[in-house]
Amino acid sequence: MSEHEPSTYTGASTTSLLGAAGEHYVMAELLRRGFIASLAPQGVPNMDIVVADISGTQLCAVQVKARLDKGSDGGWHMRPKHEELVSDRLFYAFVDFGGSVENTPRTYIMPSLKVAEVLSRSHASWLSIPGHNGRVRQDSTVRRLLPSYDYAFRPNPNPYPLGWMDPFRGAWHLLRG
């Protein structure tokens, strides 16, 4: 690694770089797989990439969420709007860049309906479980899409244990409809 190559992302400007890296990585993967893909205009609220097949008959939108391997939960930052943002042709691409530039990124392609379901169920369950010293939890604007929700469903069975995301890893075929 050269002295000019960043080894980690920190701060607001590098968060923007991470988001741009995720979008361009997903764009490259889509083009490599024969999709027609273009970045959505800046400021479009619910999509980052517009996707079509070569014939122009299968159109969909992709929202990209990128992360580095930092923090303990291994998840992606989401908002309450993602619990309600559902369309048959809206997908998420969750990109995990790992801990260094040498890591091969992992991408999970997930329908918006599944994302909304997981966020909604896990957050509702988390709110229903007493917090520290039995306190009632306060709602917040933070949601996390996680590889495991063991903490959110105790003592109930966890419908999203470690591995629940595996069927979505590299599931680019879902975009074909």
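All figures in this text were calculated on a predicted structure; none of them were measured in a lab.
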(message) D73: which residues meet the side-chain hydrogen bond (donor to acceptor under 3.5 Å, both in side chains) condition with it, sequence neighbours left out?
(response)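 Here the qualifying residues are R144.
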(message) Could you work out, with side-chain hydrogen bond (donor to acceptor under 3.5 Å, both in side chains) as the rule, every residue matching S148, not counting sequence neighbours?
(response)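 D150.
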Rounded at 0.5 Å granularity, tell me how far [atom1] in [X] sits from [atom2] in [Y].
{"X": "N156", "Y": "S125", "atom1": "CG", "atom2": "OG", "value": "6.0 Å"}
{"X": "Q63", "Y": "L85", "atom1": "CD", "atom2": "CG", "value": "6.5 Å"}
{"X": "D96", "Y": "D69", "atom1": "CG", "atom2": "CG", "value": "6.0 Å"}
{"X": "L30", "Y": "L175", "atom1": "CG", "atom2": "CG", "value": "6.0 Å"}
{"X": "K65", "Y": "E23", "atom1": "NZ", "atom2": "CD", "value": "10.0 Å"}

Which atom pairs, one a donor and one an acceptor, fall under 3.5 Å between side chains of residues 108-115 and the rest of the protein, sequence neighbours left out?
| residue | atom | partner | partner atom | Å |
| --- | --- | --- | --- | --- |
| S112 | OG | S87 | N | 3.0 |
| S112 | OG | S87 | O | 2.9 |
| S112 | OG | L90 | O | 3.1 |
| K114 | NZ | E117 | OE2 | 3.4 |

Is it true that a side-chain atom of [X] and a backbone atom of [Y] form a donor plus acceptor pair closer than 3.5 Å?
{"X": "S122", "Y": "L119", "answer": "yes"}
{"X": "R106", "Y": "F97", "answer": "no"}
{"X": "R137", "Y": "W126", "answer": "yes"}
{"X": "W164", "Y": "L146", "answer": "yes"}

Sub-4.5 Å side-chain heavy-atom contact between [X] and [Y]:
{"X": "T107", "Y": "F168", "result": "no"}
{"X": "L145", "Y": "H82", "result": "no"}
{"X": "V64", "Y": "V95", "result": "yes"}
{"X": "R135", "Y": "P130", "result": "no"}

What about [X] and [Y], same hydrophobic cluster or not, with Ile/Leu/Val/Met/Phe/Trp/Tyr joined at side-chain heavy-atom distances under 4.5 Å?
{"X": "F94", "Y": "V86", "answer": "no"}
{"X": "V118", "Y": "L127", "answer": "yes"}
{"X": "F35", "Y": "L174", "answer": "yes"}

(request) Determine, for Y149 and R154, whether the Lys NZ or Arg CZ falls below 6.0 Å from the six-membered ring centre while staying within 45 degrees of the axis. (result)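 Not satisfied by the 6.0 Å and 45° rule.
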(message) Through direct or indirect side-chain contacts below 4.5 angstrom among Ile, Leu, Val, Met, Phe, Trp and Tyr, which residues connect to M47?
(response)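 Cluster partners of M47: V44, V50, L59.
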(message) I need the full list of salt bridge (charged side-chain N to carboxylate O under 4.0 Å, His left out) pairs touching residues 78-88, with sequence neighbours left out, sorted by first then second residue.
(response)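 Every salt bridge (charged side-chain N to carboxylate O under 4.0 Å, His left out) pair that includes a residue of residues 78-88, provided the two are not neighbours, is E83-R143.
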(request) Name all pairs fulfilling the salt bridge (charged side-chain N to carboxylate O under 4.0 Å, His left out) condition that reach into residues 26-40, sequence neighbours left out, sorted by first residue then second. (result)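 Salt bridge (charged side-chain N to carboxylate O under 4.0 Å, His left out) check on residues 26-40 returns E29-R32, E29-R33.
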